[in-house]
Structure formats: structure tokens, C-alpha cells
Amino acid sequence: YFLEVERARVGRGRRVARLLLVRLAPAEETAVPHAPASPDQLLIGLRHVVRDTDIVGWYKEGIVAGAILSDKVEAGEESAAAGLRRIRQALLLVLPGEWGSRVRLRSAAITARRKKDRRS
């Protein structure tokens, strides 16, 4: 629901938005021993590092946390990459230390839906 709301906002004005997805890699993907991960800690950590106006929730319940990040001015890919690095660093500060090598971030631009051709 919120993704569609943000998509509509992007279509109405000069705004850019990104969908940020965060997960912890399974233990077999890393060589670092770790304590059991609590999915709630990941979601709470993400809420702590994004702005209050950004929407945070589960993308895949208990597995992948997501956030919709929006800006009022257009930002290029370089700016988006810098923002992701900042979020990753902040997230590593609020999550347990041994999780650092397991944090995986991905993002994608949110674009407005194209209006369907209404010709009969």
C-alpha cells in the first residue's frame, strides 16, 4: 500500500524515492561466527537510522526489512549511493557488532506508474 502511495507522490511532483531493502545474510554466507539474529532487531535498527518521515516495515516478514526513502529534490545515482553508504554505516552502529559482515543492502528507484492508454 505505502509503495503505491509513494509512487503516486513521485508522479505528482519533482520528487525522487528509493526502496531500500535490508537483510542479514545467513550464517553459511559468512565466515564470521555470530549470535542468533532477531528479525525485530533488524527492523528496529533500520527505524533508528532513517528519517522519521521515511516509511519502514517488513518487505518479507521476518527476513527482509524495507524502507521507502524520499527526497524533495532530484538526486542522482551518486547521491543515492552516498546515502546508502551513510545508512549502512549508521545501521552497523546500532546492530550487534558480529552482524556487520552479514548486513546486505539493496535499493531501487521508485518511479511513477505510466498512465494506461485510454483510447477505445
Side-chain angles (χ1 to χ4, degrees):
Y1 168 77
F2 290 112
L3 186 56
E4 290 304 316
V5 169
E6 197 61 38
R7 192 182 300 266
R9 286 184 186 155
V10 167
R12 286 194 303 267
R14 285 190 68 211
R15 295 172 52 103
V16 294
R18 297 196 75 75
L19 174 62
L20 172 68
L21 302 176
V22 182
R23 72 176 179 92
L24 290 178
E28 55 271 6
E29 287 185 26
T30 64
V32 178
H34 65 279
S38 165
D40 290 336
Q41 284 180 280
L42 182 62
L43 189 64
I44 291 166
L46 183 57
R47 281 192 177 127
H48 281 291
V49 301
V50 298
R51 298 170 301 197
D52 291 339
T53 56
D54 295 328
I55 299 168
V56 175
W58 287 115
Y59 184 77
K60 280 181 133 177
E61 184 73 32
I63 300 171
V64 180
I68 299 174
L69 312 173
S70 62
D71 283 315
K72 293 180 182 176
V73 294
E74 288 192 37
E77 288 300 313
E78 186 175 309
S79 176
L84 290 178
R85 283 191 300 274
R86 181 193 59 77
I87 289 171
R88 179 179 171 70
Q89 291 304 316
L91 195 54
L92 293 178
L93 292 174
V94 299
L95 292 176
E98 65 272 8
W99 289 15
S101 65
R102 298 180 59 206
V103 173
R104 304 289 187 266
L105 274 76
R106 294 191 122 176
S107 76
I110 297 174
T111 58
R113 286 208 187 270
R114 293 183 182 165
K115 293 182 181 179
K116 292 184 179 179
D117 192 310
R118 297 186 181 189
R119 287 184 261 168
S120 310

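All figures in this text were calculated on a predicted structure; none of them were measured in a lab. In this chain, numbering begins with 1 at the start of the sequence shown.
- Using a 4.5 Å heavy-atom cutoff, the side chains of Val22 and Val64 are not in contact.
- When all heavy atoms of Leu46 and Leu91 are compared, the pair lying nearest together is N-CD1, 3.6 Å.
- Once rounded to the nearest 0.5 Å, the distance linking CG of Asp40 with CH2 of Trp58 reads 6.0 Å.
- Nearest heavy-atom pair across Val103 and Leu92 is CG2-CD2, 3.9 Å.
- Pro96 and Gln41 make their closest contact through CG-NE2, 3.7 Å (heavy atoms, listed as atom of the first residue, atom of the second, distance).
- The side-chain contact (heavy atoms from CB on, under 4.5 Å) check on Ile55 picks up Phe2, Ile68, with sequence neighbours excluded.
- Between Arg88 and Gly100 the shortest heavy-atom distance is NH2-O, 3.5 Å.
- By the side-chain contact (heavy atoms from CB on, under 4.5 Å) test, Arg86 is found to be paired with no residue, residues two or more places apart in sequence or in another chain being considered.
- The two residues Gly45 and Leu95 have their closest heavy-atom pair at CA-CD2, 4.5 Å.
- A 4.5 Å side-chain heavy-atom check between Leu20 and Asp54 finds every atom pair outside the cut-off.
- The CZ atom of Arg85 sits 12.0 Å away from atom CG of Leu105, with the distance rounded to the nearest 0.5 Å.
- Hydrophobic clustering of Ile, Leu, Val, Met, Phe, Trp and Tyr side chains at less than 4.5 Å, counting indirect connections, unites Val94 with Ile87.
- Taking Ile63 as the reference, Lys60 meet the side-chain contact (heavy atoms from CB on, under 4.5 Å) condition, with sequence neighbours excluded.
- We find the CG-CZ distance between Leu42 and Arg47 to be 11.0 Å, quoted to the nearest 0.5 Å.
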